[in-house]
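What follows is a single structure, written as structure tokens, with notes after it.
Within every chain, numbering begins at 1; the chains are lettered A, B, ... in the order of the sequence lines, protein sequences first and strands thereafter.
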Amino acid sequence: MIDEAEMCRRAGIKSYMLREWIQADWIHPRSDLMGASFSDIDLARARLIRDLAGPMGVNEEGVAVILSLLDQIHGLRRALRRMNSAVVAQDAAVRRRIRYEASKIP
Amino acid sequence: MASTDPYELLGVARGASQKDIQQAYRRLAKKLHPDLNPGDKEAQRKFQDVSAAYDILGDEERRARFDRGEIDASGEEQPQRRYYRDYADTGPTSDTYSGTSGFADFRDNDDILSAFFSRRAGRGFRMRGNDRHYRLELDFLDAVNGATRRIILPDGSSLDVVIPPGTRDHQTLRLREKGEPSSSGGGAGDALIEVIVRPHPFFHRDGNDIRLDLPITLTQAVLGGRIAVPTPDGSVTVTIPKWSNTGKVLRLKGRGVPSGGSRRGDEYLTLQIKLPQKRDPDLENFIEHWPAGRTYNPRREMGVA
């Protein structure tokens, strides 16, 4: 786990920014008696927000919309990945029928 | 090989204004940022090229040095960055943020697709609350026989802890979901309670057995007799055989520590002959005229008289 100071250093952000992002519900640290702590996914997400809000010039509302859509995309991608592995596990005949049915949908 | 000229990479003229350069970068970054293109492997390389170009041209001073040929376009090699998309699609933390509430329409009815969406409904982030750690001091017999104790939590609320019979010193009891609530709609953490067992004045625990030094009188040692003996769950009557010496061990089967399921332990009594506190002239007189008391040498094995 990464503490707040380390998180800010590695993400290249100021601590007030991190606190604002947590406040905005964009980053979800674990908190305990020792204070907030962060994982690798939190760090990667903070860097994404930094890119968006910094050099890419996206304003606060824009960041919120982007994060929400990205979160949905990743949920969808996970579902697709699960479905793909379930389809791959089928017999060739079943996979053929699935492909055929899929091709009928406009 | 792709161009490494930062002006070409950003698609701007050499005389472009800082504002033009910034706009060009933003246009490209929004198209190429790897996290906005989760499945596109190429996006990462392209984005890095564009970012490196903007590192130089986005800063007026660095741009001037580049234009004067003082620095080249390669810049410093950046350590490989792990993008958000690398965590968000797969792996143990992948559903930390992402949710499937946007696809609730797929999950209606018995649709087979529902099987492929995460079972965690609504917004994805549902981390369990933290565990809380407590210490609880217990009397010896409460640990052996089981008990219920109420602990008062820092926030003033209380928690009833059931101590199962046979609880050991330093054993940790886990109360599911009695720890910190989750800040994100997940389950609460557990309460972990370390039990400290106070020593008992005369019982000692040895695994699931109880050991006890049992004082007896000289009369009981010589003539035997029935005496009351303490056990963890009350006193029992025990027959002391005739001529029982100090150090003799008697076993009380099944009078030790209850252990869930398996056999209850035993209690072992080690006899200790105790003379009366007060001197007794009759006994002294008898012993004075008791020859065997002078011929028996209990220290013979130690090689002394």
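Taking a 6.0 Å sphere around CD of Glu101(A), one finds it holds more than 12 heavy atoms contributed by other residues, nucleotides or ligands.
With a threshold of 4.5 angstrom between heavy atoms, Arg27(B) does not approach chain A through any atom at all. Both the backbone and the side chain of Leu48(A) come within contact range of chain B, judged by heavy atoms closer than 4.5 Å. When heavy atoms are compared at a cutoff of 4.5 Å, Arg47(A) approaches chain B by way of both its backbone and its side chain. At a 4.5 Å heavy-atom cutoff, the contact between Ile27(A) and chain B is made by backbone and side-chain atoms alike.
Among the candidates Tyr97(B), Tyr83(B), Tyr84(B), the single residue satisfying the ring pair (Phe, Tyr, Trp, His ring centres under 6.0 Å) test with His74(A) is Tyr84(B).
Within the 3.5 Å criterion, the main-chain N or O of Ser68(A) finds no donor-acceptor partner in the side chain of Asp71(A). Listed for the Arg45(A) side chain is a donor-acceptor partner under 3.5 Å among the backbone atoms of Trp26(A).
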